[in-house]
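This report refers to the structure that appears directly beneath it.
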Amino acid sequence: LLKGSSKYLGGCAGKGTGEATFTGGDVKVVLESMAKEKNRAGGFIGWNSSTKTTITDCHVLEGSTITEASGRTASANGNLAGFIGYADNTSTVLVIENSSASAIVDAGAYSTQTSGFIGALGYVSTTTIKNSFASGEVKSAQNYSGGLVGYVSANPNVTIVGCHYSGNVSGSSAVSGLVGGVEGGTVNISKSYATGTLTPKAHNCGGVVGLVNGIVTVENCWTNLVINQPGGQYGAGILGGVQNSAIVR
């Protein structure tokens with residue numbers, strides 16, 4: 001059990017800088033973020049701020065939980081995820097292969113950009129996630145909830161290939177089995193799938209991507225999801241709301 005008021009909490013590292021390589025590491029964690037301001041908590045790394053990070057064959061084991069402590073305020077939101085809470089900085093190169101997270105992620109009332117694997121990606125960065133998966137449950141009352149990635153913003157280049165998520169994802173808007181919302185950059189998703197249940201409270205729910213407002217390509221992907229969206233709009237098995245360029249093939 002790790003309870004901390006630090007803004008960066010992780011089962012292996014709170015914050016990574018410089019260059020880092022992780023190989024063959026397994027962790028089982030119970031993290032409770034008690035930070036009074038913006039927090040970044042992940043089952044493996046809280047905030048990956050390294051210039052270059054390579055992660056191979058690393059796993060957050062079943063039975064792990066990443067939660068937000070009660071009593072926080074709306075101005076104190078953050079990023080929680082099963083593997084990496086916040087995954088980048090300017091010019092970061094991140095490569096993840098053959099890795100997984102099997103966790104319950106409970107973002108509480110105010111944390112946003114929540115995921116079973118990576119909470120948020122952004123800046124001018126490059127991320128590759130290959131042959132990796134997440135499972136369990138993602139609970140959020142806010143926007144951008146994804147089984148694999150919660151939020152992509154600014155101008156990153158993201159490649160997801162041979163990955164999957166199995167479990168239940170809830171949130172407000174931009175909810176997905178793989179990527180919750182893309183608000184910039186280029187995202188290529190191939191040979192990946194999602195199964196389980198999606199429960200958005202509002203709009204933009206898609207099996208592969210919930211909200212597209214960047215450049216997204218989806219190739220050879222599939223979903224088998226139950227979508228519970230009684231009060232929202234723009235729900236679909238592949239893409240929810242599309243506001244920019246999307247290619248599906």
Side-chain angles (χ1 to χ4, degrees), residues 77 79-82 101 103-122 129 133-153 156 158-161 163-249:
N77 61 3
N79 316 106
L80 277 70
I104 295 174
V105 180
D106 190 342
Y110 297 115
S111 285
T112 185
Q113 303 167 11
T114 307
S115 171
F117 201 70
I118 295 178
L121 292 165
I129 310 171
F133 73 89
S135 63
E137 187 168 9
V138 178
K139 305 177 185 179
S140 175
Q142 300 297 322
N143 298 335
Y144 306 112
S145 298
L148 202 68
V149 176
Y151 183 60
V152 178
S153 67
V158 181
T159 299
I160 299 170
V161 57
C163 297
H164 67 271
Y165 174 78
S166 176
N168 304 314
V169 182
S170 64
S172 183
S173 183
V175 176
S176 174
L178 290 180
V179 180
V182 178
E183 293 277 15
T186 301
V187 180
N188 299 297
I189 308 170
S190 63
K191 300 178 182 178
S192 300
Y193 67 91
T195 64
T197 302
L198 304 181
T199 307
K201 295 180 180 178
H203 311 304
N204 302 316
C205 177
V208 176
V209 182
L211 172 64
V212 177
N213 193 12
I215 301 172
V216 174
T217 299
V218 177
E219 186 172 8
N220 294 329
C221 294
W222 62 272
T223 64
N224 184 10
L225 293 158
V226 175
I227 300 177
N228 300 316
Q229 191 181 15
Q233 300 176 355
Y234 317 121
I238 300 296
L239 303 177
V242 179
Q243 301 176 5
N244 206 321
S245 174
I247 299 171
V248 180
R249 57 190 177 200

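By the 4.5 Å heavy-atom criterion applied to side chains, I129 and V149 are counted as neighbours. Within the 4.5 Å cutoff, side-chain heavy atoms of S173 are placed close to those of N204. Put simply, the side chain of I160 does not reach to within 4.5 Å of the side chain of L178, judged on heavy atoms. Side-chain atoms of V175 and T199, non-hydrogen and from C-beta on, never get closer than 4.5 Å to each other. Y151 is not listed as a side-chain neighbour of N79, based on a closest heavy-atom distance of 4.5 Å or more.
A side chain to side chain contact (heavy atoms under 4.5 Å, CB included) with T114 is found for exactly one of D106, N143, V105, namely V105.
Residues meeting the side-chain hydrogen bond (donor to acceptor under 3.5 Å, both in side chains) test with T159, sequence neighbours left out: none. Partners of A236 according to the side-chain contact (heavy atoms from CB on, under 4.5 Å) rule, which considers only residues two or more places apart in sequence or in another chain, do not exist here.
Not a single donor-acceptor pair under 3.5 Å links the side chain of S153 to the backbone N or O of G184. Between the side chain of S145 and the main chain of S170, a donor-acceptor pair closer than 3.5 Å is present. A donor-acceptor pair under 3.5 Å links the side-chain atoms of Q142 to the main chain of A109, judged by distance alone.
Rounded to the nearest 0.5 angstrom, I247 CD1 and L239 CG are separated by 11.0 Å. To the nearest 0.5 angstrom, C205 atom SG is 13.0 Å from Q233 atom CD. Rounding to the nearest 0.5 angstrom, the gap separating the OG1 atom in T217 from the CD1 atom in I189 is 9.0 Å. Here CG of L148 is found 5.5 Å from SG of C163. Values are rounded to the nearest 0.5 Å. Note that CD of Q113 and CD1 of I118 are 13.0 Å apart. Values are rounded to the nearest 0.5 Å.
Across all their heavy atoms, Y165 and G136 have their closest contact at OH-O, 3.3 Å. In plain terms, the two heavy atoms of S176 and V209 that are nearest each other are OG-N, 3.4 Å. Closest of all the heavy-atom pairs between V169 and G146 is CG1-N, 4.2 Å. Of all heavy-atom pairs spanning S172 and A141, the tightest one is CB-O, 3.6 Å. The heavy-atom pair separating A174 from L211 by the smallest distance is CB-CB, 4.0 Å. The two residues Q229 and A202 have their closest heavy-atom pair at NE2-O, 3.1 Å.
The ring pair (Phe, Tyr, Trp, His ring centres under 6.0 Å) contacts involving residues 187-226 comprise H164-Y193, Y193-W222, where partners must be two or more places apart or lie in separate chains.
If you check the side chains of S166 and S135, you find no donor sitting under 3.5 Å from an acceptor.
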